[in-house]
*Asks:* 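Quick one: the structure is below, and I'll ask about it shortly.
This structure is a prediction, so every number in the text was calculated from the model and none was measured.
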Amino acid sequence: MRPKEAIDMATLHIPPNIPKPTLQEIRECPIIKHFDDLGIWFGINPPCIDAREMVLHLSDTPYTIYPYLRRALRRLHPAWIVHTGDFVDNVKLEKRPGMLDLYQKRIKDFLSIFEEEDYGAILVTGNHDHVPTLLEEQHSESVQVWTGPGRFSLGQFSFRAGHTYDDVSGDPAQYNLYGHNLEYTSGCTEEGRMYLNGLQSMYLIHIYTGEVISIPYPPGTDNARLQRKKVSL
């Protein structure tokens, strides 16, 4: 597969969804709703949001939260997913290249998350990712691996995605998605451009209204990123 370098502009389309009972319909059962609300309160599950007309942005994900990400995608059903790098963030390849075997094992688990319902996804590589491994791995045709920052449009808005703030700030779009560190946190400029740091939070962006919803990562995510202790959610 050829890597997609320096993507200029792409127009994405919402993939067709097979009709299934919505989460809201399932939660009509009082017992299910009670236990689901407890899961949300404890951070086991994301909030009950219909994200079929939204982009989900996330970044710098340790493999300990992969089970949570699977549950999140099943619940949210986003139109598209944009991950801005360091897909196995607790395997710091830039600092420890000898951990490549572990990275290769975990990246298979990561890519399998997007195969359950053929999610459309843009994966922008980060400084701790191994591009040759990513390009060799078999994955869904709806998953795009970008080896550099790029732009795309979806719904009413333009987006720019890169691993770092510098990747998006030089040629900004209406929504600018990045991660890597917390030097530049999320915010809105005077011109109305949104900068969303996926290290702080996961974000849902509505492709027609522009509304942004912040969803916290599960407890222990930052500890796993910093390799302070082992967690599994």
*Asks:* Val82 and Ala161: which non-hydrogen atoms are nearest, and at how many Å?
*Replies:*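 Closest pair (atom of Val82, atom of Ala161, distance): CG1-CB, 3.9 Å.
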*Asks:* With a 4.5 Å cut-off on side-chain heavy atoms, are His57 and Thr84 touching?
*Replies:*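 In short, these two side chains touch, coming nearer than 4.5 Å.
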*Asks:* Should the pair Asp167-Arg160 be classified as a salt bridge under the 4.0 Å nitrogen-to-oxygen rule?
*Replies:*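 Result for this pair is no, no salt bridge flagged.
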*Asks:* Would you say Asp129's side chain and Val131's backbone share a donor-acceptor pair under 3.5 angstrom?
*Replies:*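 No, because the side chain of Asp129 does not come within donor-acceptor range (under 3.5 Å) of the backbone of Val131.
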*Asks:* When you compare the side chains of Ser186 and Tyr203, does any donor N or O come within less than 3.5 Å of an acceptor on the partner?
*Replies:*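 Yes, Tyr203 and Ser186 have a side-chain donor paired with an acceptor closer than 3.5 Å.
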*Asks:* Between Ser59 (side chain) and His83 (backbone), is there a donor-acceptor pair under 3.5 Å?
*Replies:*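 Pair absent, no side-chain N/O of Ser59 close to backbone of His83.
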*Asks:* Do we see a donor-acceptor contact under 3.5 Å between the side chains of Asp60 and His180?
*Replies:*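 Not at all, the side chains of Asp60 and His180 share no donor-acceptor pair under 3.5 Å.
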*Asks:* How are the rings of Tyr103 and His130 set to each other: parallel, tilted or perpendicular (split at 30° and 60°)?
*Replies:*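 Perpendicular: the ring planes of Tyr103 and His130 meet at over 60°.
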*Asks:* Any heavy-atom pair between the side chains of Leu58 and Leu56 that's under 4.5 Å?
*Replies:*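 In contact.
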*Asks:* Determine whether a donor-acceptor pair (N or O, by modelled atom type, separation under 3.5 Å) exists between the side chain of Gln156 and the backbone of Tyr208.
*Replies:*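 Such a contact is absent between Gln156 side chain and Tyr208 backbone.
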*Asks:* Using atom types as modelled and distance alone, determine if a side-chain donor or acceptor of Thr125 lies under 3.5 Å from a backbone N or O of Gly85.
*Replies:*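 Absent.
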*Asks:* When you measure from the side chain of Arg193 to the backbone of Asn176, do you find a donor-acceptor pair of N or O atoms at a distance under 3.5 Å?
*Replies:*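 Not at all, since once roles are kept as given, no pair shorter than 3.5 Å links the two residues.
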*Asks:* Can you label the angle between the Phe87 ring and the Phe110 ring as parallel, tilted or perpendicular, going by 30° and 60°?
*Replies:*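 Because their plane-to-plane angle is under 30°, the rings of Phe87 and Phe110 count as parallel.
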*Asks:* Describe, in one word, how the ring planes of Phe157 and Tyr175 are oriented to each other, choosing from parallel (under 30°), tilted (30 to 60°) and perpendicular (over 60°).
*Replies:*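 It falls in the perpendicular class, over 60°.
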*Asks:* Using 30° and 60° as the class limits, which term best fits the ring planes of Tyr119 and His77: parallel, tilted or perpendicular?
*Replies:*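 Taking His77 first and then Tyr119, their aromatic rings sit tilted (interplane angle of 30° to 60°).
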*Asks:* We want to know whether Arg225 and Thr61 form a side-chain donor-acceptor pair, criterion being a heavy-atom distance below 3.5 angstrom.
*Replies:*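 Result is no, nothing qualifies.
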*Asks:* Is there side-chain contact between Leu134 and Leu123, with at least one heavy-atom pair below 4.5 Å?
*Replies:*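 SC-SC contact between Leu134 and Leu123 ruled out.
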*Asks:* Does His128 use its side chain to pair, donor to acceptor, with the backbone of Asp89 at less than 3.5 Å?
*Replies:*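 Checking the backbone N and O of Asp89 against the side chain of His128, no donor-acceptor pair under 3.5 Å is found.
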*Asks:* If we ignore hydrogens and angles and just use 3.5 Å, is the side chain of Arg151 paired with the main-chain N or O of Asp171 as donor and acceptor?
*Replies:*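 Between the backbone of Asp171 and the side chain of Arg151 there is a qualifying donor-acceptor contact (under 3.5 Å).
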*Asks:* To check you understand the geometry: which heavy-atom pair defines the closest contact between Asn197 and Gly179, and what is its length?
*Replies:*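 For Asn197 and Gly179, the tightest heavy-atom pair comes out as OD1-CA, 3.5 Å.
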*Asks:* Can you hop from Ile122 to Ile205 via hydrophobic side chains spaced under 4.5 Å?
*Replies:*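 Yes: a chain of side-chain contacts under 4.5 Å links Ile122 to Ile205.
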*Asks:* Measure the shortest side-chain to side-chain distance between Val88 and Tyr66 over non-hydrogen atoms and say whether it is less than 4.5 angstrom.
*Replies:*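 Yes. Closest side-chain heavy atoms under 4.5 Å.
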*Asks:* For the backbone of Tyr63 and the side chain of Asp109, can you confirm whether one donor and one acceptor N or O come within less than 3.5 Å of each other?
*Replies:*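 Not confirmed, Asp109 side chain does not pair with Tyr63 backbone.
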